[in-house]
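See below for the structure under consideration.
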Amino acid sequence: MTTAPNQSAGMALLEWYDRHGRSLPWRTRQGEAEPYRVWLSEIMLQQTTVAAVIPYFERFTARWPTVEALAAAEDDDLMTAWAGLGYYARARNLLACARTVAGQGFPRTADSLRQLPGVGAYTSSAVAAIAFGERVPVVDGNVERVVSRLIKLGVPPKTAVATVTEAVEAMLPDERPGDFAQAMMDLGATICTPKSPACGICPIRGWCAAAADGSALDYPKKLPKRAKKTWHGVSFVVAAPGGRVLMRKRPPKGLLGGMLEAPGSAWGEIPDNPFAHAPLAARWSEAGSINHVFTHADLTLSVFTAQLPRPMPVKGCEWYCAQTPVATLTRKVLTRGLATLTPEP
DNA sequence: CAGCCGTGGAT
DNA sequence: TATCCAAGGCT
């Protein structure tokens with residue numbers, strides 16, 4: 001029989017964190033971190049790996065060193081800087097949030113942070129704990145997994161938020177709530193991993209019911225996964241001299257909201273007449289197709305391409321530099337189309 | 001509240 | 001290739 005997670009486990013975890021915690025660009029060595037950097041990193045890290053975030057974080061903080069600087073950014077510049085990172089609603093919320101906070105500083109409690117756009121239960125508590133030292137439980141995916149194993153939680157953690165939160169509160173030390181939150185996440189990221197947990201070197205295995213009977217891989221219990229849709233569509237890559245390419249801006253909300261794309265059809269059933277969706281009359285070349293995986297759908301786009309002698313006005317579209325940062329899907333389409341126009345030897 | 005919302009890396 | 005999944009939030 002193991003001891004249920006308690007404050008001693010929390011303190012053991014803090015000692016481990018002091019020796020083995022990761023060094024990351026948004027972390028400071030001692031004391032409270034800059035709220036701006038903590039908030040920015042937490043938004044970027046939503047459902048996004050540390051490795052993917054780091055270069056974006058470095059670029060953002062170099063270009064916009066303060067929340068006031070970020071608040072003064074143009075919408076298009078912000079979206080362009082975010083291009084490739086995904087979940088673009090985060091970028092729109094980021095800017096709205098910065099403009100709300102600029103000049104008066106961030107709210108300093110989880111409850112007040114929670115009112116900001118794009119800041120939910122996790123992010124509000126994480127920023128409050130890490131940047132302002134509020135003693136609140138922080139529950140992310142890592143913590144859900146760690147706790148599921150500690151107490152052998154028999155249901156998916158999303159369906160037992162109160163139980164998970166109570167377990168974290170039971171462990172929460174009196175001091176250093178921010179370090180404790182980051183320690184839990186580091187433990188989940190480096191020791192208590194999804195597929196190969198290193199229970200043998202875990203600093204809190206003495207409190208872990210799953211480690212005690214070798215059942216860590218049975219947790220967390222998973223929700224049944226839902227079926228994916230398959231979408232089809234057509235895209236048209238139109239090039240003009242000077243490295244120009246024709247694009248349009250997607251509607252501000254929804255999938256890839258506010259991002260640039262090559263003109264073409266809506267996505268769904270296979271279009272019966274692809275050229276009905278062409279932005280203009282031209283001699284089209286087939287450029288093959290590209291595949292793209294969204295969280296909830298697989299997309300296949302047939303790409304057609306044409307070269308114009310010069311840029312000309314097209315309703316609903318504008319001409320852009322082909323190197324403009326765009327969402328990954330659009331980058332795939334442009335690359336495919338432009339490669340067909342200028343084939344490699 | 002279950003579905004929507006990106007992407008890239010690991011296995 | 002298929003699948004999972006990574007510091008979630010919104011509706």
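The chains referred to below are lettered A, B, ... by the order of the sequence lines, with proteins before strands, and numbering in each begins at 1.
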(message) Please tell me if A:R90 has a side-chain N or O lying less than 4.0 Å from either OP1 or OP2 of C:dC10.
(response) no
(message) Under a 3.5 Å distance rule, please check whether A:R135 uses its side chain to pair with a backbone N or O of A:P173 as donor and acceptor.
(response) yes
(message) On the side chain of A:R22, is there an atom forming a donor-acceptor pair with the base of C:dA7 - under 3.5 Å, no angle test?
(response) yes
(request) Check the angle between the aromatic planes of A:W16 and A:H20 and answer parallel, tilted or perpendicular using the 30° and 60° thresholds. (result) tilted
(message) Looking at every non-hydrogen atom in both residues, tell me the closest pair between A:P5 and A:A170 and how far apart they are.
(response) O-CB, 3.6 Å
(message) Taking only the P atom of each, what is the distance from B:dC5 to C:dA6 in whole angstrom?
(response) 22 Å
(request) Would you classify A:A327 as touching base, sugar-phosphate or nothing, given that sugar-phosphate means primed atoms plus P, OP1 and OP2, and contacts are heavy atoms under 4.0 Å? (result) sugar-phosphate
(message) Can you tell me if A:K253 touches the phosphate of B:dC5, counting only side-chain N or O atoms and a distance under 4.0 Å to OP1 or OP2?
(response) no
(message) Could you tell me how far C:dG9 sits from B:dG8 if I compare only their P atoms? Round to whole Å.
(response) 22 Å
(message) Applying a 4.0 Å non-hydrogen cut-off, can you work out what A:G188 is touching in the nucleic acid: base, sugar-phosphate, or nothing?
(response) nothing
(request) Choose from C:dA7, B:dT7, C:dC5 the nucleotide whose nearest atom is closest to any side-chain atom of A:K222. (result) C:dC5
(request) Tell me whether the OP1 or OP2 atom of B:dC4 has a side-chain N or O from A:H296 closer than 4.0 Å. (result) no
(message) So, does A:H292 get its side chain near the phosphate of B:dG6, meaning an N or O under 4.0 Å from OP1 or OP2?
(response) no
(request) Would you mind classifying the nucleic acid contact of A:A51 as base, sugar-phosphate or nothing, using non-hydrogen atoms under 4.0 angstrom? (result) nothing
(request) State whether A:K152 and A:D218 are salt-bridged, where the test is any N-O pair (Lys NZ or Arg NE/NH1/NH2 against Asp/Glu carboxylate O) under 4.0 Å. (result) no
(request) Measure from NZ on A:K158 to C1' on C:dG9 and round the result to the nearest Å. (result) 10 Å
(request) With C1' as the reference atom in both, quote the distance from B:dA2 to C:dA7 in angstrom, rounded to an integer. (result) 23 Å
(request) Quote, to the nearest angstrom, the C1' distance that separates B:dC1 from C:dC10. (result) 11 Å
(message) Using whole Å, what does the distance between atom P of nucleotide B:dG3 and atom NZ of A:K228 come to?
(response) 15 Å
(message) Among C:dA7, C:dT3, B:dG6, which nucleotide has an atom closest to any side-chain atom of A:K225?
(response) C:dT3
(request) When you get a sec, tell me which of C:dC5, C:dG8, B:dT7 is the closest nucleotide to the side chain of A:P194? (result) C:dC5
(message) Need one value for A:V293: base, sugar-phosphate or nothing, where a base atom within 4.0 Å counts as base even if backbone is also close, heavy atoms only.
(response) base
(request) Round to the nearest Å and state the distance from A:I43 atom CD1 to C:dC10 atom C1'. (result) 13 Å
(request) Starting from C1' on C:dG8, measure out to CE on A:M185 and report it in whole angstrom. (result) 12 Å
(request) Take A:T193 and A:N93, find for each the nucleotide of DNA chain C with the closest heavy atom, and name the residue whose nucleotide sits nearer the 5' end. (result) A:T193
(request) Starting at atom CD of A:E144, determine the distance to atom P of C:dG9, rounded to an integer number of angstrom. (result) 11 Å
(message) Any side-chain to backbone donor/acceptor pair from A:R37 onto A:P25? Under 3.5 Å, distance only.
(response) yes
(request) Respond yes when some side-chain nitrogen or oxygen of A:K229 is under 4.0 Å from OP1 or OP2 of B:dC4, and no when none is. (result) yes
(request) Identify, between A:T328 and A:K195, the residue whose nearest nucleotide on DNA chain B lies closer to the 5' end. (result) A:T328
(message) Rounding to an integer number of Å, can you tell me how far A:D140 CG sits from C:dG8 P?
(response) 5 Å
(request) Would you mind telling me which residue lines up with the more 5' stretch of DNA chain C, A:P117 or A:V50, judged by nearest nucleotide? (result) A:V50
(request) Determine: side-chain N/O of A:Y87 to OP1/OP2 of C:dA6, distance under 4.0 Å, yes or no. (result) no
(message) Using whole Å, what does the distance between atom P of nucleotide B:dC5 and atom CH2 of A:W82 come to?
(response) 18 Å
(request) Indicate yes or no for a side-chain donor-acceptor contact from A:W207 to the backbone of A:N6 under 3.5 Å, with no hydrogens or angles considered. (result) no
(request) Tell me whether the OP1 or OP2 atom of C:dG8 has a side-chain N or O from A:Q46 closer than 4.0 Å. (result) no
(message) Mind checking if A:L24 touches a base, just sugar-phosphate, or nothing, with heavy atoms under 4.0 Å?
(response) base
(request) Report yes if a donor N or O on one partner sits less than 3.5 Å from an acceptor N or O on the other, where the partners are the side chain of A:T48 and the base of B:dG6; otherwise report no. (result) yes
(request) Kindly say if A:T49 contacts the phosphate of C:dC5, meaning a side-chain N or O under 4.0 Å from OP1 or OP2. (result) no
(request) From the options C:dA7, B:dT7, C:dG8, select the nucleotide whose nearest atom is closest to the side chain of A:L329. (result) B:dT7
(message) Could you check whether any side-chain N or O of A:R145 sits under 3.5 Å from a backbone N or O of A:C192, counting only pairs where one atom can act as donor and the other as acceptor?
(response) yes
(request) Please evaluate the base of C:dG8 for a donor-acceptor partner in the side chain of A:T123 within a cut-off of under 3.5 Å? (result) no
(message) Can you tell me which nucleotide in B:dT7, C:dA6, B:dC4 comes closest to the side chain of A:N142?
(response) C:dA6
(message) Between A:D186 and A:R27, does any NZ, NE, NH1 or NH2 come within less than 4.0 Å of an OD or OE carboxylate oxygen?
(response) yes
(message) From CG of A:L85 over to P of C:dG8, roughly how many Å is that when rounded to an integer?
(response) 13 Å
